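The shown structure was predicted, so the numbers you read here are calculated from the model rather than taken from an experiment.
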Amino acid sequence: MPLSWNEIKTRAQNFSQEWANESREEAEAKSFWDDFFQVFGISRRRVATFEKLVKKLDNKPGFIDLLWKGVLLVEHKSRGKNLDKAEQQAKDYLAGLSEAELPKYILVSDFQYFRLYDLENDSHTEFELKELVQHVHLFDFIAGYEKRTYKEEDPVNIQAAELMGKLHDRLEEVGYRGHDLEVYLVRLLFGLFADDTNLFDKGIFWQYLEVQTKPDGSDLAMHLALIFQVLNTPPAKRLITLEESLTQFPYVNGKLFEESLPLAAFDSQMRTMLLQACALDWGQISPAIFGSMFQAVMNPQERRHVGAHYTSEKNIQKLIKPLFLDELYSELARAKGNKTQLQALHQKLATLRFLDPACGCGNFLVISYQELRELELQILRDLHKSGQGFLNIREIIHVEVDQFYGIESDEFACQIAQVAMWLVDHQMNLKVSQEFGQYFVRLPLTKAATIVHGNALRMDWESLVPKAQLHYILGNPPFVGKQLQNAAQKADMELVFTGVPGAGVLDYVTAWYLTAAKYIQGTTIRCAFVSTSSIAQGEQVGVLWNELYHRYHLKIQFAHRTFAWKNEAKGNAAVHCVIIGVGARDRDDKRLFDYENIKGEPTERKVKNINPYLVEGRDLILIKREKPISQVSEMIYGSKPTDGGNLLMTEEEKEEYLKKEPQGEKWIKPFISAKEFLNGENRWCFWLLDIQPNELKQLPLLLKRVEQVKKMRLASTKLPTVKLAQFPTLFAEIRQPKSDYIVVPLHSSENRKYIPFGFFNSNHIIANSCSCVPNATLYHFGQLTSEMHITWVKYTCGRLESDFRYSNTIVYNNYPFPQKVSEAQKQKVEQAAQKVLEVRANYPDSSLADLYDPLSMPPTLVKAHQAVDKAVDLCYRPQPFANELSRIEYLFGLYEQLTAPLVKVAKKKKTTRAKKI
């Protein structure tokens, strides 16, 4: 496992200080680089050699100071020597290296200065030795981390999507709606692409509309109808009197222009919009933008309803590279220079089959096909010289669109996906044409991707593509949480998860995982989906992954841990997601992509195993437990009034009541609910557990409230509530601790670094919107409020939207508290915890929500919590934790020690019912 960055920075600081001596000579360069590699925990002898003999560009021999084959070339000079000359000398050596030896980086140095060249990105960075600590991340490739970058979206894509979205909205405003409008828009999009990509003679669509139509747009719809009709008619069947400006349009086929549509209606503004769209260079626009355009014309409510989160090309790359693309490029690298191996790889590409069972507008299929064609083109370059003529270029192209399959529940999206695949096919044909000097176009359209309209969760996937022929399943199924599922989606879930206990908590996307798991049994098919991060958190893990692991024996082969969704679609949905790649067979080359910043780029690690919480470690699953695994007090829910508000009072209501009935004060107690606790508001309740009948009758206002409780409960449609009308003086469910206790709000914002737990005595009545830990001490408070515990919460709790949903059965009862803690360690935690409470008390006018807001948290409170963190960390181990990931991996390891190594789902036990009166 790579060193933590904190450790690397410490070593870098020591290295800089040790080698800062002015008298260092070139003769000491070997020791210098040996020490340099040790900064990153790597033995130089294991990966790199000194004084590699090569022939330079002038055929004269030369010696490379240090070479790590395929990774790094170092040229070292004496202090003060010209680094520009060192750079040129290093580049001259490249000509004498084999392809496998060519480095990705060149590093030149004179002991005092470093200059690092990234040959792949054509960039360089220069800094002094004393600045090494600030630049160690540049050398993540030495440390064992790999920085992965993905191509950002082209701004013209965004412009095109917005423009066509506006045109769609305007057509809808004038009354052109529904299916007709959607088909009409797809035809316009096809025409715009074809006009700039030589599918048509370049510019004829734009020219025809600009020249043949009136400025006021009144005849634009009629001319578009003529174009659509011509595109659907073979040349032999066209009218001989057809105007030349129309005969130049080719026959397209593919059924895109087959359906007869009613005429639309345009005005001058709409005509201008369409001509502006024509003016964009659609040849530079990714066909994946079709998905964005579809998204652009959906209203936000409909988008949330169907869970359609358009996936950007950058996010698609994050999935397809580890799923299949990186492996294929590795095969290409190994086959370089070997014609037989290149031909075998080329044939392999033609046999690969891909299925997206929630394909939407086809973005994953489009980009996957595009990347497969790019790879094929590289193979063709190696097999054939550029510019070489062929009798028929079609004969050397083996990858076809019919290797791709999709299922989609929206009919219009199916049509978009089909057209997008044709367009990307044409774009790639143009690239091949440019490479080999022969124009190649597939018109009329014959082969097509198989995109079917239907519900993937109710279809037999083998009827679409036999699993013996399929290699990869990929996609972005709908993001719909359990609370937002409609009746049809709930019915789908019940069908897919028949017989699976607890499936009611699962997100809709999980149904695709289980359906895929059934389909890939007995095969080597690899599968990866973009998903909501909630499927790797909280109670969903125990339900879903227990089924995938134990019944279907799936293994996680790679994963992107939580990152922020980012795409170009209009009003794009904000969500945190993960990417999980699975298969029915285990692999040794597992890859885990971490995000130091969820909005940034990932860092890749090679790991031995990935558990369902997307952490390196054994395949463990946290199950619901009735008791804690550690020797600590149990966590319970607060008391539930079910009183219609009659036993509760605000501060103002309490004051008003006491003015009229002051003798009732002895029955009033502070009421702690989550909202008031976090926002510093006072709330009160009547706690009448021990009140005598004669005492109650002497309090007429209180008696009236009790009567209202009885009426409210009798009017309930729930039988248990009706029965509780017999005891109107009491809360419906009573769980009040008789000791000091810690308050745990059930929901807390993810933006807070610390969850604001509270510490109260038994005189404060805790509501059922909170949980509590009775018999609590300052030590327990310190443990729960620590960064160690908060890290556990992040990974194991459920979510409400993006906020934490704290659970006693999953989070608290499974939490591995530190073992064998000394009294001295406990005292340090208690002292630090007490300091947190004291600092809070110094801000009486600020609520906990204010105090724990990341922007307004007082420095004194931050420092107090940091002291708690340090004290708690030392209870676990003497070595510091470098980051959140090292904490959670340690905690899962400790959890394994306290439980079985692989936890099976326990039989459902009867939950201990709350005390009901």
Check your understanding: Out of T642, L730, D643, which one pairs with V709 under the side chain to side chain contact (heavy atoms under 4.5 Å, CB included) rule?
Key -> D643
Practice item. Mind telling me whether W792 and Y895 have parallel, tilted or perpendicular rings, with 30° and 60° as the class edges? Key: tilted
Exercise for review: On the 0 to 90° scale, with breaks at 30° and 60°, tag the W545-Y549 ring pair as parallel, tilted or perpendicular.
Suggested key: tilted
Taking the six-membered ring for Trp, are [X] and [Y] ring centroids under 6.0 Å apart?
X: F757; Y: H865; result: no
X: F817; Y: Y815; result: yes
X: F881; Y: Y890; result: yes

Review point. If only atom types and distance count, is the side chain of Y741 paired as donor or acceptor with the main-chain N or O of S771 below 3.5 Å?
Key: no
Check your understanding: Between the side chain of R713 and the main-chain N/O of L724, is any donor-acceptor distance below 3.5 Å?
Key -> yes
Check your understanding: Out of Y806, F781, Y812, which residue meets the ring-ring contact (aromatic ring centres under 6.0 Å, His included) rule with H789?
Key -> Y806
Exercise for review: Using distance alone, with no hydrogens and no angle criterion, decide if T532 and D507 have a side-chain donor and acceptor under 3.5 Å apart.
Suggested key: yes
Exercise for review: Identify whether NZ of Lys or CZ of Arg in R735 sits under 6.0 Å from the centre of the six-membered ring of F731 and within 45° of that ring's axis.
Suggested key: no
Check your understanding: From L544 CG over to E539 CD, what is the distance, rounded to the nearest 0.5 angstrom?
Key -> 12.5 Å
Study note, to complete from the structure: Distance col, row L778:CG vs T785:OG1, nearest 0.5 angstrom, shows 11.5 Å
Study note, to complete from the structure: In terms of heavy-atom contacts, M788 and D873 come closest through SD-OD1, 3.9 Å
Practice item. Going by the side chain to side chain donor-acceptor pair (under 3.5 Å) test, name the single residue among K555, E616, R618 that passes it with N609. Key: K555
Practice item. Take Y508 and F479, measure what ring-ring contact (aromatic ring centres under 6.0 Å, His included) needs, and give me the verdict at the end. Key: CA-CA 7 Å; Y508 195 43; F479 292 178; over 10 Å; no
